[in-house]
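First up is the structure itself, then whatever we jot down about it.
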Amino acid sequence: MKHEHTLVIVKPDGVRRGLVGAVLSRIEQKGLAIENMLMVRMDASLARRFYAEHEAKPFFPALIEFMTSGPVVALDVAGEDAIGRMRAMIGPTDPEQRLPGTIRGDYSNHVTLNVVHASATLLDSERELDLLFGADEQHQKRPLRPEEPPGGP
Ligand code: IDP
Ligand code: MG
């Protein structure tokens with residue numbers, strides 16, 4: 001057992017569908033600690049850097065369009081074996097392998113719109129936490145929902 005930090009994201013579909021609370025609840029109920037939280041609309045540059053490992057894949061453009069389609073909620077989640085435990089909680093990438101009881105298994109049948117991200121490895125978690133919560137990030141200066149008129153819909 002090792003105390004770890006991992007980067008969890010409630011993706012734009014999860015925010016749109018009102019699943020932020022459900023995801024937060026599952027993390028809290030599991031006994032993992034939410035140590036930081038940020039609502040941000042990723043711009044294309046951030047999304048491309050975040051998913052750089054998939055740059056050459058055919059689904060990359062659609063993935064970037066999806067990830068920038070609305071605000072996300074980013075979480076710094078900490079605890080014993082937090083990286084592996086969060087991956088187990090979100091469920092697999094392949095929709096056909098998602099079991100009930102996992103976040104993706106309970107909330108998504110879609111391969112791309114799959115509600116949540118969680119870092120896969122220690123190296124990924126460090127890189128991803130730095131991208132979202134690093135000292136030189138200026139997320140608070142970006143409008144969250146620029147398409148909505150002031151005063152709400
Ligand atoms: P992961 O989120 O389970 O770690 P990755 O393989 O790292 O899965 O892929 C990153 C994200 O890209 C996925 O969460 C999903 O949104 C999207 N994605 C992955 N594989 C495919 C695919 O084959 N078609 C379309 N989108 C995909
Ligand atoms: Mg991944």
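Both counts, for ligands and for their atoms, begin at 1 and track the order of listing.
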Under 3.5 Å, which donor-acceptor pairs link side chains of residues 52-64 to any protein atom two or more places apart or in another chain?
| residue | atom | partner | partner atom | Å |
| --- | --- | --- | --- | --- |
| His54 | ND1 | Lys57 | NZ | 2.8 |

Interatomic spacing from CE in Met67 to CG in Leu113 - rounded to 0.5 Å
10.0 Å
Distance in Å, Met42 CE paired with Lys11 NZ, rounded so as to fall on 0.5 Å steps
9.0 Å
Go through the structure and list residues passing side chain to side chain contact (heavy atoms under 4.5 Å, CB included) with Asp130, not counting sequence neighbours.
none
Solution key, residues 18-40 side-chain donor-acceptor pairs under 3.5 Å, sequence neighbours excluded:
| residue | atom | partner | partner atom | Å |
| --- | --- | --- | --- | --- |
| Ser25 | OG | Gly21 | O | 3.2 |
| Arg26 | NH1 | Gly101 | O | 3.3 |
| Arg26 | NH2 | Asp106 | OD2 | 2.7 |

In this structure, would Ile83 and Leu129 fall into the same cluster of hydrophobic residues linked by side-chain contacts under 4.5 Å?
no
Show me, by chain and number, every protein residue that has a heavy-atom distance under 4.0 Å to ligand 1.
Lys11, Tyr51, His54, Phe59, Leu63, Arg87, Thr93, Arg104, Val111, Thr112, Asn114
